[in-house]
Amino acid sequence: MSTVSVDNKKDNHSSLAENLLEIQNLKTYYPVKGGFFKRTVGHVKAVDNISFEIKKGEIMGLVGESGCGKSTAGRTILRLLKPTEGKILFDNKDITRLQGKNLREIRKDMQMVFQDPYASLNPMQMVGNIIEEPIYNFSKKSKDELKKEVMDLLEKVGLPPDAYYKYAHEFSGGQRQRIGIARALALRPKLIIADEPVSALDVSVQSQVLNLLKDLQEEFDLTFLFIAHDLSVVKHMSDRIGVMYLGNLVEIGGKDSLYAEPLHPYTQALISAIPNPDPRQKKERIILKGDVPSPINPPSGCSFHPRCPMAMEECSKSKPVLKEVKPTHRVACHLY
Ligand code: SF4
């Protein structure tokens, strides 16, 4: 886990702002096929009934171990994956079942920054063409106008003008991620879903890319869903944070409240594992037993109970619901 330093210009977001995104009871299940006839014999419950909202201009972090469903949640919200159940409201519009032209229209306003910038950039196209393609698809701009816009975007993400004529393989990992960010910004979206945007980069470059995202968020008035497994990265980026475990949202709260007083035993364990920058301040690390169980057959009741150091009898019998226990801080745990 890396320690990243980032300028925190905006810590608290106004609770009066409107919601840009509202997720209601969202489920994304994948069928598991088996037997001679390849029948559906079960489901991977990758996202299992999550609800949360993101206010306009807010950076919401989503954390959890790999396989907890956070990336699937991000892709479902963008409608790259089909939701099994639930509702996705974007800018007061229900986009859960949009298709064809209507879906393409809404995608202008929701863009993604991927973990592996190289895999998401066409190696056969010049960087200029990669960035201008979405603008070309959605507008009737002339060649000169397109080029000017791409040059502006390159400057905004800190790349030189001659990057326009180069190919993705000619750049370092950090520079490629800047290209991916420029492409995501090309249509001036309202929401960006950043899925582990710095986890493939050297620690020395991570801070630069995170600072860039923060600066762009202010300049373009963006709203972010920031997905990562690294809690120190999420802490520096986010106004509010949701913690996922085995497809469920187990805790959600303001960054300061969640880090100062994590309520869910799983969040407590994750936070205890963040390295302390001051080695004189020793803190006790909570080691969880066992591995994350399979989402095909999750444990009964609270799905964290086989690993939870605080588990009680009722934990294996009934599933706790997410409820507010402090202002704007919700947790799903029978201890509260
Ligand atoms: Fe642990 Fe029980 Fe709370 Fe689940 S509900 S986190 S098992 S104490």
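Just so you know, ligand 1 is whichever comes first in the structure, and atom 1 is the first atom listed for that ligand. Numbers here simply count residues along the sequence, with the first being 1. The structure presented is a predicted model; accordingly, all values stated were derived computationally and were not measured.
- Distances below 4.0 Å separate heavy atoms of His264 from the following atoms of ligand 1: 6 (S).
- At a threshold of 4.0 Å, the pair Glu65-Arg307 counts as salt-bridged, since one of the basic side-chain nitrogens sits closer than that to a carboxylate oxygen.
- Geometric assessment of Lys147 against the ring of Tyr164 yields a positive cation-pi assignment under the 6.0 Å and 45° thresholds.
- Within the listing of ligand 1, atoms 8 (S) sit less than 4.0 angstrom from a heavy atom of Leu335.
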Can you list the steps and then say if Lys156 with Asp152 is a salt bridge (Lys or Arg N to Asp or Glu O under 4.0 Å)?
CA-CA 6 Å; Lys156 299 257 185 242; Asp152 283 350; over 6 Å; no

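- Among all protein heavy atoms, the one lying closest to atom 5 (S) of ligand 1 is His334 N, 3.3 Å.
- Taking atom 3 (Fe) of ligand 1 as the reference point, the nearest protein heavy-atom neighbour is Cys333 SG, 2.3 Å.
- Taking every heavy atom of Cys308 and a limit of under 4.0 angstrom, the matching atoms of ligand 1 come to 1 (Fe), 6 (S), 7 (S), 8 (S).
- The option with the heavy atom closest to atom 7 (S) of ligand 1, from among Cys315, Pro320, Ala332, is Cys315.
- The aromatic ring centroids of Phe304 and His264 lie less than 6.0 Å from each other.
- Here the heavy atom of the protein found nearest to atom 4 (Fe) of ligand 1 is Cys302 SG, 2.3 Å.
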Give the intermediate values and the outcome of side-chain hydrogen bond (donor to acceptor under 3.5 Å, both in side chains) for residues Thr267 and Glu251.
CA-CA 8 Å; Thr267 316; Glu251 183 162 1; 2.8 Å; yes

Carefully, step by step, assess Lys190 and Asp91 under the rule salt bridge (Lys or Arg N to Asp or Glu O under 4.0 Å).
CA-CA 9 Å; Lys190 294 176 182 165; Asp91 222 2; 2.6 Å; yes

